[in-house]
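For reference, the structure discussed in these notes is given below.
Sequence lines set the chain letters: A, B, ... in the order given, protein chains first and strands last, and positions in each chain run from 1.
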Amino acid sequence: MHAREAVGSLSAVHDPPLVAVPPETPVSVQPIRIRDIAAHAGADVHIRGWVVHHRSSGKIRFLELRDGSGYVQCVMGKNDVAPDVFAAFDDVSLEASVEVVGTVRSDPRSPGGFELGLKHLRVVGRSAEYPISPKEHGVGFLMDERHLWLRSRRQHAMLRVRAEVMRGIREYLDGQDYLPVDAPILTPNACEGTTTLFELGYFERKAYLSQSGQLYNEATAMAFGKVYCFGPTFRAEKSKTRRHLMEFWMVEPEAAFLDLDGDMALAEGMVEHVVQRVLARCRDDLATLERDVTKLESIRAPFPRISYDEAVEIIRKAGGTIEWGEDFGGDEETLLSQAFDKPVLVHRYPAQVKAFYMKRDPERPEVALCVDMIAPEGYGEIVGGGCREESLEALETRIREHGLPLETFKWFLDLRRYGSVPHAGFGLGVERTVAWITGIPHVRETIPFPRLLDRMYP
RNA sequence: UCCCCGGUAGCUCAGUCGGCAGAGCGGGUGGCUGUUAACCACCAUGUCGGCGGUUCGAAUCCGUCCCGGGGAGCCA
């Protein structure tokens with residue numbers, strides 16, 4: 001109990017111990033995170049984590065630990081430690097949780113440059129026959145073991161970049177004076193009336209999982225001027241491609257008095273900021289993922305801005321077959337992205353392929369004042385947005401044309417009855433953005449627990 | 001929903017012409033004082049995705065269903 005109390009009192013300004021330290025392990029030093037190990041060179045430290053790797057050579061034993069902040073190699077010789085400490089290694093296996101005390105020393109033979117000369121070792125939780133071995137595995141197997149796969153280096157790198165992307169998005173929008181105002185996830189009806197929604201019971205009624213915060217954003221934008229919502233979004237489409245998830249995260253800024261050029265500038269500025277922030281703060285993670293960072297370093301505003309008409313020309317010259325009036329498929333987006341080394345903003349699509357609330361170009365009623373951002377290297381559309389129709393009459397006409405029920409949009413039409421203004425916004429898909437920045441081919445690794453067609457486990 | 005590919009040990013896979021079910025890794029036991037996905041020796045492990053058919057004989061050929069992967073459509 002003495003050791004336990006000592007740790008408890010010392011750890012007031014450090015990480016508290018997550019497990020009770022038994023009396024036989026006389027831990028009297030503060031727990032540290034591996035990331036900070038260089039600051040403790042020459043000193044004794046207390047580290048808790050999981051076994052990534054272990055090797056024994058009879059009288060010398062090696063242990064590689066992960067605590068979530070980094071990796072460190074631990075060493076002990078048979079003649080350097082008490083017999084019970086040396087023997088504790090016998091219970092060590094892949095992904096067993098352990099706590100150790102040792103002396104930090106610089107050693108070029110250790111990955112990371114520092115190693116821990118062990119004084120104490122205790123197995124906190126054993127790990128029998130950990131399923132994921134250090135050898136190669138297939139995607140199907142790893143997805144079944146996703147809860148364990150998350151412990152691997154590659155997944156750490158991926159999800160740290162994701163976290164940095166999300167921080168960068170919030171930092172940028174907050175800095176532009178956008179207020180985070182989230183939209184509901186349970187909605188009474190289809191927002192855009194286009195994609196298939198997940199339906200669920202809402203007591204005696206039906207409800208749907210949100211496919212976009214767009215319509216609610218328009219209400220909050222009229223209340224606060226500049227807003228964004230950031231949360232999960234659901235699409236019940238039976239999509240089975242590397243770019244699709246049933247549940248994904250989307251940030252959607254919306255601003256009153258914003259025009260199409262301003263909307264494009266906002267999207268461009270945000271994407272530039274996010275990419276540069278990841279480059280500045282996640283170099284090691286990008287290296288782990290073997291990302292060619294020169295392709296990211298050139299992501300600086302301004303991005304090319306082309307009309308849909310021009311995009312069709314580029315696609316045709318590149319060998320694509322597309323008729324004016326059709327939306328772009330994956331192949332067309334890839335051809336288009338290959339013509340540029342930056343994200344490309346494509347504006348003024350044919351109105352027929354866009355949502356009902358998109359504003360028509362007054363000079364060309366057949367096109368909408370909208371914009372998509374196509375990521376480089378074939379990662380597809382990462383942003384979709386544009387100007388919203390602010391005229392009550394025009395919007396009512398659009399709703400009727402799309403065969404949507406006017407009464408369910410009463411509140412949405414109210415926004416045009418009471419002080420309507422020109423406004424615009426967009427949605428950016430987090431997973432596609434992370435896939436592009438990390439350079440991985442499939443979005444499923446960019447979210448901790450992907451929801452795919454026919455895959456809901458774990 | 002449609003098209004293509006696949007399913008053999010815990011994992012990754014090989015299995016020839018239809019003729020004894022295999023390797024590496026992982027696991028177990030033992031050895032080794034500087035290992036880096038350590039190494040060496042030995043040991044254990046199978047509803048060959050399910051069902052039906054052809055055959056003296058099927059992992060192998062045929063039918064069907066299930067599951068997984070890739071792609072299309074739709075979208076972020």
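Taking the C1' atom of each, rA23(B) and rG15(B) are spaced 10 Å apart, rounded to whole Å. With both ends at atom P, the span from rC25(B) to rC65(B) equals 41 Å, rounded to whole Å. One P atom belongs to rA9(B), the other to rG22(B), and the distance between them is 14 Å to the nearest Å. Taking atom P in both rA44(B) and rC51(B), one finds a spacing of 29 Å when rounded to whole Å. Using atom C1' as the reference point in both rG19(B) and rG28(B), the two lie 35 Å apart (nearest Å). rU55(B) sits 9 Å from rG18(B) when the C1' atoms are compared, rounded to a whole Å. Here, rG63(B) and rG6(B) have their P atoms 14 Å apart, quoted to the whole Å. When the C1' atom is compared between rA58(B) and rU12(B), the two are found 25 Å apart, to the nearest whole Å.
Going from atom CH2 of W249(A) over to atom C1' of rA76(B) covers 15 Å, rounded to whole Å. Rounded to an integer number of Å, the gap from CE of M143(A) to P of rU12(B) is 14 Å. Whole-Å rounding puts the E145(A) CD to rU12(B) P distance at 10 Å. The nearest whole Å value for the distance from the OH atom in Y71(A) to the P atom in rU35(B) is 22 Å. Rounded to an integer number of Å, the gap from E95(A) CD to rG10(B) P is 21 Å. Computed from coordinates, the R109(A) CZ to rU33(B) P distance equals 15 Å when rounded to whole Å. Look at CZ on F89(A): it is 15 Å from P on rU35(B), rounded to the nearest Å. In this structure, D90(A) places its CG atom 10 Å from P of rG31(B), rounding to the nearest Å.
Contact annotation for Q73(A): base contact, defined as any heavy-atom pair under 4.0 Å involving a base atom. Heavy atoms of R61(A) sit nowhere under 4.0 angstrom from any nucleic acid atom. As judged by a 4.0 angstrom heavy-atom cut-off over every strand, H244(A) is placed among the base-contacting residues. Among the protein residues, D107(A) comes within range of the nucleic acid bases, having at least one heavy atom under 4.0 Å from a base atom. Residue K78(A) is out of contact with every strand shown, counting any heavy-atom pair closer than 4.0 Å. If you check every strand for non-hydrogen atoms under 4.0 Å, L245(A) touches a base. Using a 4.0 Å heavy-atom criterion, one finds that S56(A) contacts the bases of the nucleic acid, with or without backbone contacts as well. Contacts of G77(A) with the nucleic acid, taken as non-hydrogen atoms under 4.0 Å apart, are absent. Here H442(A) lies in heavy-atom contact (under 4.0 Å) with sugar-phosphate atoms only. Counting any heavy atom pair closer than 4.0 Å across all strands shown, R444(A) reaches sugar-phosphate atoms only and no base atom. Heavy atoms of P131(A) sit nowhere under 4.0 angstrom from any nucleic acid atom. If you check every strand for non-hydrogen atoms under 4.0 Å, V383(A) touches sugar and phosphate atoms only.
Residues H423(A) and E390(A) bring no donor and acceptor atom of their side chains to less than 3.5 Å of each other.
To the nearest 0.5 Å, atom CG of residue D309(A) and atom NE2 of residue H347(A) are 9.0 Å apart. The distance from atom CZ of R48(A) to atom CD1 of I32(A), rounded to the nearest 0.5 Å, is 10.5 Å.
Distance from the side chain of R105(A) is smallest to rG34(B) among rG73(B), rG71(B), rG34(B). Of the candidates rC74(B), rG26(B), rG69(B), the closest approach to any side-chain atom of K240(A) belongs to rG69(B). For R235(A), the listed nucleotide lying nearest its side chain is rA76(B); candidates were rA76(B), rC74(B), rG34(B). Distance from the side chain of T241(A) is smallest to rA72(B) among rA72(B), rC75(B), rG34(B). Distance from the side chain of K238(A) is smallest to rU1(B) among rU1(B), rC75(B), rA37(B). Here the nucleotide nearest the side chain of S239(A), chosen from rG34(B), rC75(B), rC74(B), is rC74(B). With distances taken from any side-chain atom of F62(A) to the nucleotides rG73(B), rA37(B), rG34(B), the minimum falls on rG34(B).
Using cut-offs of 30° and 60° on the angle between ring planes, the pair Y172(A) and H273(A) is tilted.
Taking the six-membered ring for Trp, F449(A) and Y457(A) have ring centres at least 6.0 Å apart. Residues Y308(A) and F328(A) place their aromatic rings such that the two centres sit under 6.0 Å apart.
Each of S57(A) and G380(A) has a nearest nucleotide on RNA chain B; the 5'-most of these lies closest to S57(A). Across the interface with RNA chain B, nearest-nucleotide mapping of H137(A) and D80(A) shows H137(A) to be the residue nearer the 5′ end.
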Considering only distance and modelled atom types, tabulate donor-acceptor pairs under 3.5 Å from the side chains of residues 64-76 of chain A, sequence neighbours left out.
| from | atom 1 | to | atom 2 | distance (Å) |
| --- | --- | --- | --- | --- |
| E64(A) | OE2 | R153(A) | NH2 | 3.0 |
| R66(A) | NH1 | E95(A) | OE1 | 3.4 |
| R66(A) | NH1 | E95(A) | OE2 | 2.8 |
| R66(A) | NH2 | E95(A) | OE1 | 3.1 |
| D67(A) | OD1 | S69(A) | N | 2.8 |
| D67(A) | OD1 | S69(A) | OG | 2.8 |
| D67(A) | OD1 | G70(A) | N | 3.3 |
| D67(A) | OD2 | I34(A) | N | 2.8 |
| D67(A) | OD2 | S69(A) | OG | 3.4 |
| S69(A) | OG | I34(A) | N | 3.1 |
| S69(A) | OG | R35(A) | N | 2.9 |
| Q73(A) | OE1 | R55(A) | NH2 | 3.2 |
| Q73(A) | NE2 | E115(A) | OE1 | 3.3 |

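A donor N or O paired with an acceptor N or O is not found under 3.5 Å between the base of rC32(B) and the side-chain atoms of R55(A). For a distance-only test at 3.5 Å, the side chain of S133(A) fails to qualify as a donor-acceptor partner of the base of rC25(B). A donor-acceptor contact under 3.5 angstrom links the side-chain atoms of E115(A) to the base of rG34(B).
In this structure, R61(A) satisfies the cation-pi test against F86(A), with its NZ or CZ atom closer than 6.0 Å to the six-membered ring centre and inside 45 degrees of the ring normal. Both the sub-6.0 Å distance and the 45° axial angle are satisfied by K354(A) relative to the ring of Y349(A).
Remark: rU1(B) base-pairs with rA72(B); criterion is Watson-Crick or G-U wobble with both hydrogen-bond distances under 3.5 Å. Nucleotide rC42(B) forms a pair with rG28(B), judged by Watson-Crick or G-U wobble geometry with both contacts under 3.5 Å. Pairing for rG19(B) goes to rC56(B), judged as Watson-Crick or G-U wobble with the two contacts each under 3.5 Å.
Stacking between F248(A) and rA76(B) is present: the aromatic ring centre lies within less than 5.5 angstrom of the base six-membered ring centre, and the two planes differ by under 30 degrees.
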